[in-house]
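Worksheet: the structure to be examined is printed underneath.
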Amino acid sequence: MEMNQQTLARMSQMRLLGMHAAFRTSMESFKSEGMTTDQFVAWLVENEWDDRTNRLIQRLQKQASFRYRASIEEIDYSLERGLDRNLLMRLSEMTFVTEPRDIFITGSAGTGKSYIATALGYRACQKVTMFASD
């Protein structure tokens with residue numbers, strides 16, 4: 001058991017926070033008993049990857065200093081607003097960033113242009129791994 005505590009301490013010192021949490025969970029719930037060594041290591045690495053990705057997304061969202069929380073899924077597509085749901089769904093795939101292409105959001109005052117731009121900004125933060133792989 002002392003070796004496990006030492007391993008947890010080293011993971012923490014190396015800032016492997018995702019692995020640290022997963023390893024601690026495995027010790028408490030005996031989750032690793034049904035796994036092979038390869039599966040267990042892959043599970044630890046996957047937890048570390050997820051943790052780092054989530055922390056990166058949170059950091060990017062904080063650095064962006066968005067005025068409010070917005071999401072593509074919460075956009076009101078009622079008829080009077082005249083929004084094209086299909087176009088916004090395509091924009092939310094962020095291909096305009098990787099191509100690279102500019103977008104312009106136009107419309108009358110109070111129609112939600114800032115909300116749409118913010119929602120696209122949040123989506124860009126969430127898809128950051130897509131941009132890094134290119």
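Keep in mind that this is a model prediction, so the values were computed, not measured. Below, all heavy atoms of this structure are taken into account, side chains as well, without hydrogens, waters or symmetry copies. Position 1 is the first residue of the sequence; numbering continues from there.
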Return yes when atom CZ of Arg10 has more than 12 non-hydrogen atoms of other residues, nucleotides or ligands closer than 6.0 Å, and no otherwise.
no
Less than 3.5 Å apart, which donor and acceptor atoms pair up between the side chains of residues 44-51 and the rest of the protein, not counting sequence neighbours?
from	atom 1	to	atom 2	distance (Å)
Asn47	ND2	Trp43	O	2.7
Glu48	OE1	Leu17	N	3.3
Glu48	OE1	Gly18	N	2.9
Glu48	OE1	Met19	N	2.8
Glu48	OE2	Arg52	NE	2.6
Glu48	OE2	Arg52	NH2	3.4
Asp51	OD2	Gly18	N	3.4
Asp51	OD2	Arg55	NE	2.9
Asp51	OD2	Arg55	NH2	3.1

Between Gln39 (side chain) and Thr36 (backbone), is there a donor-acceptor pair under 3.5 Å?
yes
Who pairs with Arg67 by side chain to side chain contact (heavy atoms under 4.5 Å, CB included), at least two apart in sequence or on another chain?
Ser114
Test item: Arg123 side-chain N/O and Glu93 main-chain N/O as donor-acceptor pair under 3.5 Å
no
Using the rule that two of Ile, Leu, Val, Met, Phe, Trp, Tyr join whenever any of their side-chain heavy atoms come within less than 4.5 Å, decide whether Ile103 and Ile75 are in one cluster.
yes
Look only at the side chain of Tyr115 and the backbone of Tyr68, and say whether a donor-acceptor pair between them is shorter than 3.5 Å.
no
Decide whether Asp76 and Ser78 meet the rule of one side-chain donor and one side-chain acceptor closer than 3.5 Å.
yes
Phe23: which residues meet the ring pair (Phe, Tyr, Trp, His ring centres under 6.0 Å) condition with it, sequence neighbours left out?
none
OG/Ser92 to CD/Glu73 distance, rounded to the nearest 0.5 angstrom?
7.5 Å
Main chain of Leu8, side chain of Ser12: is a donor-acceptor contact present, judged purely on distance under 3.5 Å?
no
How long is the span from the CZ atom in Arg24 to the CD atom in Gln5, to the nearest 0.5 Å?
10.0 Å
